[in-house]
Amino acid sequence: MAERRLFQEVAERIAAMIAGGAYPPGSRLPGEREIAEQLGVSRVTVREAEIALQARGLVTIKTGSGVYVTDGKTARGDEPPAVSAFELTEARSLFESEAAALAASTITPETLDRLDELLEIMGHDDGDDARSTEADQEFHLLIASASGNQAIIHVIKSLWRMRTDVPEVRTTYASVCQHDGRTRQREHAAIVDALRAGDPGAARIAMRAHFNRLLEAMLDATEEREISELRRKAAESRERFLMSARLR
């Protein structure tokens, strides 16, 4: 298995241990180093696996405290609502901008270092959209966790679940994120700069600017799809007309 996919395998192994009762609800997972030694992987891989488990609702990452197993009620609950990509992005802009503002005052040097690593992945994904999306998700969830506000963290995790699980949303994001790796990397770098400066206002503005650009890109992509659909229908009508004319 490729190194960049290893964290998914580790996440499944930890999830299996949780399901088997090794780590009951409310318990704290062992530290990154212990899990890494137990599973024979790096601490970075364990950290990425824990982020993935948090996105699934199996654990909660509490900065400075540890990783705790949830009660499981949100792990595989009801299906997400049928939202549009525009609705979801508007909601993400509201909550994630405030999460960034809160995180600016509390974020740790270790988290900032990891955000820098994720920026490198976004800037050098070599066309690997899946890897870039994984880095993007971890980036945003790390900032949410750094906010220290459990309500905001829960909402952002739920929004990311819609981002990955709702087919229409996933398709729309894929269409606009396919070729924007460099732009996205620059926008995320501006967010990290504001966080490193400890400037809540700048962090809020940088995060909001990222989502505003994303919304504009979605509008452009929607217009292009509508134009393509009109052209397709026009071509079909023209073909039917020509065929009818030949049969006369």
Side-chain angles (χ1 to χ4, degrees), residues 5-81 83 88 91-92 94-115 117-118 133-166 195:
R5 300 287 181 264
L6 184 57
F7 81 92
Q8 295 172 327
E9 179 181 327
V10 171
E12 291 304 321
R13 292 174 68 179
I14 297 175
M17 288 188 282
I18 292 174
Y23 306 119
S27 65
R28 182 181 181 277
L29 292 184
E32 288 178 1
R33 185 185 301 277
E34 182 177 341
I35 295 178
E37 292 176 353
Q38 179 182 352
L39 301 182
V41 297
S42 69
R43 294 179 64 181
V44 170
T45 299
V46 172
R47 187 181 307 124
E48 292 177 340
E50 290 173 343
I51 291 290
L53 292 172
Q54 178 172 246
R56 290 166 55 181
L58 289 174
V59 303
T60 296
I61 300 175
K62 298 182 179 180
T63 304
S65 177
V67 181
Y68 294 83
V69 180
T70 67
D71 60 12
K73 292 179 181 178
T74 60
R76 296 188 182 276
D78 296 335
E79 290 299 312
V83 300
L88 177 63
R92 288 185 63 195
L94 288 171
F95 284 97
E96 296 202 38
S97 295
E98 292 310 309
L102 289 172
S105 301
T106 59
I107 197 163
T108 64
E110 293 76 17
T111 300
L112 286 168
D113 287 343
R114 180 54 184 163
L115 292 177
E117 294 172 2
L118 294 169
T133 298
E134 290 162 4
D136 188 29
Q137 179 175 8
E138 182 180 348
F139 183 95
H140 285 274
L141 291 179
L142 275 176
I143 293 174
S145 294
S147 75
N149 185 305
Q150 294 304 312
I152 290 179
I153 294 170
H154 174 76
V155 170
I156 292 175
K157 284 162 53 180
S158 299
L159 293 174
W160 263 97
R161 184 183 173 210
M162 297 178 210
R163 158 76 171 83
T164 57
D165 290 1
V166 178
L195 291 172

task = Check the pair F139, I51 against side chain to side chain contact (heavy atoms under 4.5 Å, CB included), reporting the backbone distance first and the verdict last.
result = CA-CA 10 Å; F139 183 95; I51 291 290; over 6 Å; no
query = What is the minimum heavy-atom distance between W160 and H140, and which atoms define it?
reply = NE1-CB, 3.5 Å
key: Side-chain ion pair, E50 and R43, N-O less than 4.0 Å   = no
ask   = Between L6 and E48, is any pair of side-chain heavy atoms under 4.5 Å apart?
value = no
N/O donor to acceptor pairs below 3.5 angstrom from side-chain atoms of residues 26-35, sequence neighbours left out:
from : atom 1 : to  : atom 2 : distance (Å)
S27  : OG     : P24 : O      : 2.6
R28  : NE     : S65 : O      : 2.9
R28  : NH2    : S65 : O      : 3.4
E32  : OE1    : R47 : NH2    : 3.4
E32  : OE2    : R47 : NE     : 3.3

Distance-minimising heavy-atom pair for A49 and A11 = CB-N, 3.7 Å
task = For side chain to side chain contact (heavy atoms under 4.5 Å, CB included), just list the numbers for I107 and L115, CA-CA rounded to whole Å, side-chain angles, deciding distance to a tenth of an Å, and then say yes or no.
result = CA-CA 11 Å; I107 197 163; L115 292 177; 3.8 Å; yes
key: Interatomic spacing from CD1 in I153 to CD1 in I143 - rounded to 0.5 Å   = 12.0 Å
ask   = In Å and rounded to the nearest 0.5 Å, what is the CG to CG distance from L142 to L118?
value = 6.5 Å
ask   = Taking C-beta and beyond as the side chain, do R92 and L88 meet within less than 4.5 Å on heavy atoms?
value = yes
remark   = Closest heavy-atom pair, F7 versus E134, reported as atoms and distance to 0.1 Å, is CE2-OE1, 3.5 Å
ask   = Do the non-hydrogen side-chain atoms of I14 and V59 ever get within less than 4.5 Å of each other?
value = no
Contacts table for residues 144-151: side-chain donor-acceptor under 3.5 angstrom, sequence neighbours left out:
from : atom 1 : to   : atom 2 : distance (Å)
S145 : OG     : Q54  : NE2    : 3.3
S145 : OG     : L141 : O      : 3.1
S147 : OG     : A144 : O      : 2.6
S147 : OG     : N149 : N      : 3.3
N149 : OD1    : A151 : N      : 3.0
N149 : OD1    : I152 : N      : 3.0

Residues that R163 engages under salt bridge (Lys or Arg N to Asp or Glu O under 4.0 Å), provided they are two or more places apart = none
request  = With side chain to side chain contact (heavy atoms under 4.5 Å, CB included) as the test, would you mind laying out the steps for Q38 and M17 before giving the verdict?
outcome  = CA-CA 12 Å; Q38 179 182 352; M17 288 188 282; 3.9 Å; yes
inquiry  = Using a 3.5 Å distance criterion without hydrogens, assess whether the side chain of S97 forms a donor-acceptor pair with backbone atoms of L94.
reply    = no
message = For F95 versus L159, what's the shortest heavy-atom pair and its separation?
response = CD1-CD1, 4.2 Å
